[in-house]
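The structure appears below as structure tokens.
The structure presented is a predicted model; accordingly, all values stated were derived computationally and were not measured. First the proteins, then the strands, lettered A, B, ... as listed; each starts at 1.
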Amino acid sequence: MTSIADVLHGFPILSVVIFLPLVGALVVAFAPARWARLLGLATALLAWVASLVLAAGFQASAPGFQFVEQASWIPVFGIQYKLGVDGLSLALVVLTTTLTWISILASFRPIQARIKEYMVTFLILEVGMTGVFLALDTFLFYVFWEVVLVPMYLIIGIWGGSNRIYATIKFVLYTLVGSLLMLVAILATAFAYQAAHGGSWTGAFDFEVLRAYASTAGFGDTLQLLGFAALFLAFAIKVPMFPFHTWLPDAHVEAPTAGSVILAGVLLKLGGYGLIRFAIALYPDAAVTYAPLIIVLSLIAIIYGALVALVQPDLKKLVAYSSVSHMGFVTLGAFVFQAQALSGAILQMINHGLITGALFLLVGVIYERTHDRSIARMGGLAALTPTYAAIFGFFIFASAGLPGLSGFVGEFLTLVGTFAVNPWAAAVAAFVMILGAAYLLWMFQRIAFGEPSAFLLGIRDHLSDISAVEVLTLAPLGAMVVAFGFFPGLLLDLIRQPVADTLASVANAHAIAIDPAIVAIGIGIVVAVVVIRFLSLRPAAASTSVVPAEGAG
Amino acid sequence: MADQLDTYLTLSGLLFAIGTFGFLARRNAISMLMSIELMLNAVNLAIVAFGAFIPALKDRGAVIALLVLAVAAAEATVGLSIVIAIYRNRKTPLVDEYDAMRR
Amino acid sequence: MTWSDVVTMAPFAAGVALAMAVLVVDIVRPGARNPVLAVALGGLAVITVLTVVTGQAAATAFGGAYVVDGLTTFLDLVFIGIVAFTIVFAPDYLEPRGLPLAEFTIVLLFAMTGAMLISAAGDLLVLFIALELMVLPGYLLAGYHKSDGYSTEGAIKYFLLGSFSSAIFLFGLAFVWGLTGTTSISGIAQTLTGIASGSAALSPGLALGLAFMTTGVAFKIAAVPFHYWTPDAYQGSPTPVTGYLSVGPKVGAFALILRLFVGALYPLRSDWVQVVIVLALLTMSLGNLVALTQTNVKRMLAYSSIAHTGYMLVGLAAYGAGRQEGLEGLLYYGAAYSAMNLGAFAVIAALQRRAGVTSNLETFAGLGRREPWLGVLMTLFLLSLTGIPPTAGFFAKAYVILAAVQASQAGNAALGVLAVVAVLNAAAAAFYYLRVVVYMYMREPQGEQSPLTHGRLMWGGLAAATALTILFGIAPGTLLDIVIQAARAIGSPGAA
Amino acid sequence: MRAWLYLLAAAVAIGIVTTPAIVVFVFGGQSFDDSLLAAFATLLLVSALAVVTMRDIIRCGLAMIVCFIALAGIYVQLGAPLVAAAQAIVYVGAISVLVLFAIMLTQTKAGPSQLVFQTQAGWAGLAAVVLAVIIGVAVSGTDWPAAAARIHVATDDLARLLFSDYVLPFEVVSVLLLAAVIGGVFLAKRDAPAGDGETR
Amino acid sequence: MSYDLLVPLIVALPLAGFVITAAIGKRLGRQAHWIPVGAVVISWLVAMVVVAAALTNAEPFGEAGFGVTLWQWIPAHGAAGSPDFIISAGFFVDHLSAVLLIVVTTIGMLVHVYSIGYMGHDPGYWRFFAYLNLFMVSMLILVLADSWLVLFVAWELVGLCSYLLIGFWYRKNSAALASKKAFIVNRVGDVGFALGIMAIFANTHTLNIRDSLGVLSSQTLVAFPVPVAIVALLVFAGAVGKSAQFPLHVWLPDAMEGPTPVSALIHAATMVNAGVYMVARANPLFAAAPEVMTFVAAIGIFTAILAASIAMTQTDIKRVLAYSTLSQLGYMFASLGVGAFSAAIFHLMTHGFFKGLLFLGSGSVIHAVHEEQDMRKMGGLAKKIPHTYWTMLIGAIAISGIPPLAGFFSKDEILGEAFKTGFYWVWAIGIVVAVMTAFYMFRLIGLTFWGESRVDKAVEPKIHESPRVMTVPLWLLAIPSLVLGAILSWPGPPLGPLFGQSGQTGLLAGWLEPVFKGAQEALGRSEAEFQLLGIDGGLLLISIAVAVAGLLVAWRLFGVDLGPIRGKAEPERVRALTARVPGLYRASVNKWWFDDLNHVLFVVIGGWVANGSAWFDRNIVDGIVNGIGSVTRRAGTDLARIQTGRVQNYALGIALGLLVMAGSYLVIVAR
């Protein structure tokens, strides 16, 4: 009997997964506009099927990358078109393809203007996202990384809310600052490799070669420190880590529902993926050196994100800040360099994609009917739209890390792993179990419980319960949330090898000594900037936040 | 004095500086053009002086000067035509009043 | 002048002949458009062939005053391309305004011959005259819309400052002649090698000459603080001319730099590289910062072109610091920038087919809806200018940054700073480029306007520019080989 | 009365020009060459200053002619009579006339009464002085590889050079002039009014 | 049928009931109860089979118990030297789980049946049963879990069910708030528990309950990464939350917003006992940390007296019962703390039944007076709802510790053990609590059933006894409340041999002996002979005396109407008494201001912190980002100013540049 892997042997399945949406985008672009929706969905579904075929042919137990495709691209610099998949990227690719078709389906009703352009943009976005996860050449990785940027920029900017331009430009500029520095780091790394190999560019952009080099000979200390800092900044902005997170709430609030879903579901994962795959593997010594700082930032993000989420008046902002908090687990788990923690971090990425994606879909459902997202104006949805409220509640608890659902496993593994390395960090992070429950349940209580609000009663005629199509978009996510809650082994087996690979690259790493003076200067600059900002505040800029009528406890 | 290169070069420098001053200070387009001619002539003086004093350049200075002269003439042609063209639009030769575009 | 001299300089001669031919065509059939276009484009095709043929082997003519090597061929092809694009894009702008195409083409072709001569100059005098041959038509073209106050204002500013800088450059040139005793580039290089190796001191006079020449050249490439003419001249000029000015004279001036600084002054690079670093820093930063505040797209692109000069200077600095890749990056950047920037200006020119349309940002409001294809193409060009892959602009930027990073790892920390500043600038630049996209796609148009109709010529040109912009980004390989050949013609830093 | 004033002015001018020559002759080693140079140089610089400072632009133009003539004199002294001749023909004959034409064409009634100088004239002066100083320092600080004696160049040598070593620049200059003329004619000629000021 | 199948079946049946009801319950309307109730009844039957087998040490249970592994849940392999983290989802039944199974399935079943009547008119009928079934699933998993993590899952799931059921009437704002509060306060404890589990893993590299406890109690010389005392404290934190001990007790009274069957099942009989069960389960761990046990005892007994003091003045019938539950749970923890593990479980069982009974009875009362919960608007109901009255009276006597009802035996055992193990202070406070317990229970009975009717005149004529479906479960609970204590503490034949016991200790103690043996030995406790005429008898007498004393005081103040014994309520005296200790009275009425304290701590200060963070985020973090942007733009605007539009200015700029350039070249030369 021939297995799927045999059938796929020699077939460029990865390229198909990546570029199928591009072909679809071209078809959509030249087809009549009224077909755009269905063609877009069909393409996304095809890509999804392709990714599932890939998953079926994947052998989790085999080490290294599979289905590797390799072709010379820019031979002068040894830049290759090199793709490959391992468990980590496979999981994220399938997440991407799934969320893409769900998002497209969820856009059918909300997006009425320029539907053709929308579909084209969305499909190109998918090209970039899958490309990032599958690229094994650092240059190619960067190219795909940037390809993601533009469609998202357009999606927020064209189909977004009232303040969309501010949000989208902020998103792009913020991301671009990081990613361009990453480009410098990638080039510097390639050159360092080239210089160490007698001026031969062969392999200088090949991730596998670089990783092997990094874990044996290793790059120089200065390059590691600076290169890691650059990569870290790029990825931390994407994740987003405190204090680089402020683009996220703005982008989420303004983005259309599907944009938010992809943003939270996939784009943030790009950062986590980059950290785990590239930053740690290429600069292990620097990773170890910076780890304490990153752990502290992660902890701040976890707690701070939850605290800020607590008082957000806007549903999407709340979910956005919850993302900051949740993604803190990813960075925390990645940088304690412990198997369970890293596995947990990866799981957390997937779960966050599913759960937060679903939450944004749900916010979209209500926004579609009320054209409002303010928590204060909702109330009593459970009475008016019971099915909707029930589904919302399900994902609220999934987000709060209720055991039995997928979110729990990731968080707990992260915490267990962290505890083994640093109990205090785990203790601080675990505190979010309370805060998370607090902001989520408080929000849910305010929107779903009690008597229906006057606002909702006023538009009762439009306030239909969740529709079949909307349920269809949420059902796969819910199913996966349950499935991964009960059988996280499905993912854990998949990522076992990548986790081991990543940890192997830091196994022999040593911390680089940093001149305390530099550290002091760095801290001084940060403090100075904060102080200057503080002093430059006008007293008029007083807080406009909602004071909670009642809160936790 | 007259058989020293320095003299001529200094003279050339002074002429160049005067031209520069005119270019920076005058308002009239044609004055500025004339200032530029002064500067080009300063250069030519230097070139001729070099031709007269530097053995390796001995015949060439004059040739170069002649060519520079021609270039200056071409420049003057173009410049004056532009001046006339803008004068038709703006009815003033004062360059500092041509500030429709700024920032 | 021998026959072989003539053969060697055939592309240049053909350029001059072509200009004459167009003149004749215009005299025979005054005001006719198609014959002019046919002759001009056909002639350019012939010149292209000539360039490629003569470029097969390195050669010199006129006793070394005219040099043909890989660099010459590469730059000539770039110039021909720039001029061809400009001619293709011009009619849609010129015709509604009653401006003749023939004179435009003739003057432009003269400018092209000047630029081609710069790239082939082996003698400082030739270099200077070629420079004048390139820029004088530029002044004329800037004022080509002579009934328009802005056009003539731009022209006179460009002319006055340009002449000023020419005088400065020439003054410096004179001193260099005087002190090296030769006008031949190789001769000067020999003399300076002696100075650099310590057998003779660098005299103040020579330094003064270098300073004046640097200033003159910096002016021509619009490096800060010698950039003042750029925004006004670009904004005022007729749009196709702006497109040409932003790339033609710029690449030409860089050709001058390559011949002069790289060819003649390479031995003194440790001295001038520091100047280049400072210039690059200032140029990038000021260009981008001021561009942020512009509301007129042409003026914005003018400042952006200043910024791009800065990026190209990064490549030069890296070369000066000892990396051949800097030179390659610079050349690649020049070609890529020409394609994408011409494309962007072509779109503006296409919009201005309707007389009375300004290039203010408001013009672009809702363009994505009104003119979907123009909108998409403009977006592509702007993304390329921003440096987003997979476009030409990205690879070009990556190239110069790579060179700078290499130089910094080789010990010149300032280049590292330069690389970081360059990318930060690129990020800031995204703001103003994307603002145009914002207007095109995220703003509603002011009032309905009937769609514009453009000829096949315009679309063909845009398609070509688009193809190049994407091709240079996705498959840089072909151009890369040519660029590396061209850079090698000047010699690698290691060899010098 | 006015004629006397002109004569007086001429006398003063001659005085200004001759005084340095006499001073140089008396105190500088009784060299005719030197004093001649001093005279030309003084004439050159004074007329140049006049060009950049005088209020009436027509007089500026005239002063420029004087300046060029003085320069031609120096060229002769430097043994480059051909350049001097060209200077006289091209500059004095052609360019100056061109300039005067342009002045006539662009003269407004209010012209002379307006401010001559920019508001930044002071800074301009300062910059010019500094520039002169820098050039002076550089010149004086440099050891020029000076020849033992001045070389006089024959015109036929020059012509030979022009058509051998410098044939390419020579040809190119002709192209340049052609381009300038074609473009200049286009710009300067008066068209039927077409288009409007809308290009921005 | 093999036990491999039967044990999971106990859980699977209600799970199926939940899934089916959730899916199609809405369409079943009034018939929605059949599936869930049926599932629970069958589940009870299966459970009884399993319990019988387990308690008789039948194969394959034996004395050590029997485990079923379902599937490998979390296979997180280690790498680079870290241990494998492999968690199997599985069940384990030993004597302790078996005893808990009895409580959970029996009361659960009865509450299900009762709900058919109680919830009969609710529009969310099907939803209620779905939730109840889900709760049964969770609680059974909790009892049966063989891994700490599975236990934790169930721990959280019961919390979820509690949330859903407290907030069942979600349109009521108070219900919504209470459900949220319950969940969040529980989460506080859960954080500790979760950290405790992590610590256990860090110490033992396993999360199997038996294996890990074996390692933790082995007293190895190898130092653990986390001290055992810390582990025990962390785990105890979970128990404090779930069992509503001080200071996390605040959620339980509010939880009375839920329907009464829920209060009976979850907030009296089962879920709140989870903490007790868990600490008992972890007895080897606690035994290895005696100082923590003292702490447990202190928390327990303090909660007991605190809650009892509040219960004395509350007027809401369910709140009185809620505080009573707190108080009784405090007893259990005190018992655990002093090392009397089996006494704690004993009290857990008896309390489960009589408190369940009391709650269901109160539900019946509330039902009768048309959803009125304020005891001041009741009175004289004894005649009108006799079944309810008599069953509740049994419950009240049982809880008050009057022999020979159930509560007496278990409470007395706790107090006796406390005294005998030297925890005199625990005993002393326990005695005071016993007085108070009897007092507030008979205050409740007096206010509700005896004396004059204070019921709303409109409702008065409509008062009726509840339907059979509600009263039958009441009686079924009353029976164990009457006799369970005696049965379970019966030391010898004929019951002992029936269940395979032969020891001198009580039946329950005998059952639990293998579970607690190790801990008892570690603590140096030996099972002393029960001395009816010695110390035990003395303590027993004191217990009875104080219970009676409390009872009498209550009668005196709030009246009594027990056939021959009659007394009128004396509200003036009550008022006079409270006026004598106004501070205490106010403290009690205001629940010692814990809710206000929490309000200040979490709403005011927490809100301040959260708002402060949001302010910081917007103005400082985002402010810096936007500030960089505006500084950049400002720089652009300022720099654009040099572009004056005047050529001469430009030229001057160029000239200056030239000067700088020339100057710097000359400087370079000069060097």
Is it the case that more than 12 heavy atoms not belonging to E:Trp608 sit under 6.0 Å from its CH2 atom?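 Open: at most 12 neighbouring heavy atoms sit under 6.0 Å from CH2 of E:Trp608.
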
Would you say that more than 12 heavy atoms from the other residues, nucleotides or ligands in this model lie under 6.0 Å from the NZ of E:Lys26, or not?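 No.
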
Just so I understand: if I count every heavy-atom pair under 4.5 Å between each of A:Ala383, A:Ala389, A:Ala309 and chain E, which residue has the most?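 Heavy-atom pairs under 4.5 Å are most numerous for A:Ala383.
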
Can you see which heavy atom on E:Ala76 is nearest to which on A:Leu492, and at what distance?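 Heavy atoms only, the tightest pair is N-CD1, 4.1 Å.
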
Hey, can you tell me if E:Trp73 and A:Phe408 have their rings parallel, tilted or perpendicular (30° and 60° cut-offs)?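 The arrangement is parallel - the two ring planes meet at less than 30°.
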
Ring geometry between A:Phe412 and E:Phe152 (parallel below 30°, tilted from 30 to 60°, perpendicular above 60°):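 Rings of E:Phe152 and A:Phe412: tilted, 30 to 60°.
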
Look at the side chain of [X] and the backbone N and O of [Y], then say whether any donor-acceptor pair between them is shorter than 3.5 Å.
X	Y	value
E:Arg187	A:Met433	yes
A:Arg533	E:Val621	no
A:Gln340	E:Pro83	yes

Going by heavy atoms in the side chains, are A:Asp250 and E:Asp622 under 4.5 Å from each other?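 Side chain of A:Asp250 against side chain of E:Asp622, heavy atoms only: contact under 4.5 Å found.
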
Beyond-backbone contact of E:Phe602 with A:Ile434, side-chain heavy atoms, under 4.5 angstrom: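 Result no, sub-4.5 Å side-chain heavy-atom pair not found.
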
Ring centroids only, cut at 6.0 angstrom: are A:Phe444 and E:Phe183 within range, meaning strictly under it?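 A:Phe444 vs E:Phe183: aromatic centres not under 6.0 Å.
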
May I have the step-by-step check of side chain to side chain contact (heavy atoms under 4.5 Å, CB included) for A:Tyr304 and E:Phe616, ending in yes or no? CA-CA 10 Å; A:Tyr304 176 89; E:Phe616 182 80; 3.4 Å; yes

Could you look at A:Tyr321 and say if it's the side chain, the backbone, both or neither that has a heavy atom under 4.5 Å from chain E?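 It is the side chain, since no backbone atom gets that close.
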
Below 4.0 angstrom, N of the basic side chain to O of the carboxylate: do E:Asp617 and A:Lys317 qualify?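 No, this pair does not count.
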
